[in-house]
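Heads up: the structure comes next, in structure tokens.
First the proteins, then the strands, lettered A, B, ... as listed; each starts at 1. Treat the numbers as computed from the prediction; the structure is a model and nothing was measured.
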Number of protein chains: 2
Amino acid sequence: MTKHSRQRDAVYQNLCMRTDHPTAEDVYLSLKAEIPALSLATVYRNLSMLENENKIIRIGSGGTARYDGNVSPHYHLTCLECGRVHDIFMDDAGLCKAAEKHFGGKIISHAVMFTGYCPECSEKIG
Amino acid sequence: MTKHSRQRDAVYQNLCMRTDHPTAEDVYLSLKAEIPALSLATVYRNLSMLENENKIIRIGSGGTARYDGNVSPHYHLTCLECGRVHDIFMDDAGLCKAAEKHFGGKIISHAVMFTGYCPECSEKIG
DNA sequence: TTCGATATTGATAATCGTTATCATTATTAT
DNA sequence: ATAATAATGATAACGATTATCAATATCGAA
């Protein structure tokens, strides 16, 4: 039986309020002011729980995991210049169905990670 | 100046010969018989070098990194039942171009990771 | 409202994958 | 052959994440 907790609420709200795909430590640091006694382990624990409940998304590619409070289907781009992770909202072009046709089996979900340059950096660099 | 090495050749060949997307340790263990003195650090080093030269692909999503000697464009599926990573060969449906249209910037590449059940497990489970 | 059961917490140790260090060995151009 | 230096093997160090555990907070039942 899962009980309510102030810390979990705070983690979830923090993630939903921002669009910068923070790491666990980012979330931890930005909640320290609000909850001084907060522990990093608690943030990790709650991120895992929220992910299992499909309330948030873990963006795994690369080293440190990042999290996204927006669970509506969309993709991500890692900018090679600024390192930030951006959202890309677009049609999925029936990717899962197409893959099932080619591969067989039963496909449940998919994630797309683009790499390149975000509009800002793209302009800056030329 | 990059010098030739028996160990790097062995790592590259091992990766090219298999389609099971091994981890660094998998490669290390399967080469131990051939090169008893091989070090795990050497495997990691060479995997990084080969990846930088675009001779192999690192499949990052999730915890432990896996590697693929097949650099032709294709996608992957992680089977929720057996845990294996399978190749999925299919058209990319102009994903990068479409994303650039929606997002702007300059998109270089993309990776797609499907999750679901491979044909074998799909049949077994029903 | 109080009580008891137990889920959650904070602090920290432990784990795991990966990278850095460094003396030794192998490779390559001369 | 020799000198220059890239690569190796062994292992320490690192960073992210997870496990442990006593103390605390939550919540349903009395």
Q: Would you kindly give the NZ-to-C1' distance between K32(A) and dT9(C), to the nearest whole Å?
A: 13 Å
**Q.** Per-nucleotide protein contact string for nucleotides 21-30 of chain D (B base, S sugar-phosphate only, - none; heavy atom under 4.0 Å)
**A.** -----BS---
**Q.** Short side-chain N/O contact to dA26(C) OP1/OP2 from Q7(B), under 4.0 Å
**A.** no
Q) Can you check side-chain hydrogen bond (donor to acceptor under 3.5 Å, both in side chains) on T42(A) and R45(A), steps first, answer last? A) CA-CA 5 Å; T42(A) 298; R45(A) 262 189 309 251; 2.9 Å; yes
(Q) Quick check: do N54(A) and V71(A) have side-chain heavy atoms less than 4.5 Å from each other? (A) no
Q | L15(B) side chain reached by N70(B) side chain, heavy atoms, under 4.5 Å | A | no
**Q.** Interatomic distance, E51(B) CD vs dG17(C) P [rounded to whole Å]
**A.** 18 Å
Q.
Can you measure M49(A) atom CE to dA19(D) atom C1' for me and round it to whole angstrom units?
A. 16 Å
Restricting both atoms to N or O, compile the protein contacts to nucleotides 11-18 of chain D shorter than 3.5 Å, with distance only.
unit_1  : atom_1 : unit_2 : atom_2 : d
dT17(D) : OP1    : A65(A) : N      : 3.0
dT17(D) : OP2    : Y44(A) : OH     : 2.5

Q) What is the distance from CG of L31(A) to P of dT9(C), rounded to the nearest Å? A) 12 Å
Q) For P36(B) and R8(B), take the nucleotide of DNA chain D holding the closest heavy atom to each; which residue's nucleotide lies nearer the 5' end? A) R8(B)
**Q.** Rounded distance in Å - CG (L47(B)) to C1' (dT18(C))
**A.** 11 Å
(Q) Quick check on the 6.0 Å ring-centre criterion: do F103(A) and H74(B) meet it? (A) no
Q. Honestly curious: do I56(A) and F89(A) fall in one hydrophobic cluster under the side-chain, below-4.5 Å linking rule?
A. no
**Q.** d(CG, N46(B); P, dA20(C)) in whole Å
**A.** 15 Å
Q: Check the distance between dT8(D)'s P and E34(B)'s CD and give it to me in whole angstrom.
A: 14 Å
Q. Strictly under 6.0 Å, is that where the ring centroids of H76(B) and H21(B) end up?
A. yes
Q: Answer with yes or no after comparing the ring centroid distance for H86(A) and Y75(A) against a 6.0 Å cut-off, counting only values under it.
A: no
Q) Could you state the OH-C1' distance from Y28(A) to dT9(C), rounded to the nearest angstrom? A) 13 Å
Q) Roughly how far, to the nearest 0.5 Å, is the OG1 atom of T115(B) from the CG atom of L80(B)? A) 5.5 Å
Q: Classify the side-chain pair R84(A)/T78(A) by whether it contains a donor and acceptor separated by less than 3.5 Å.
A: no
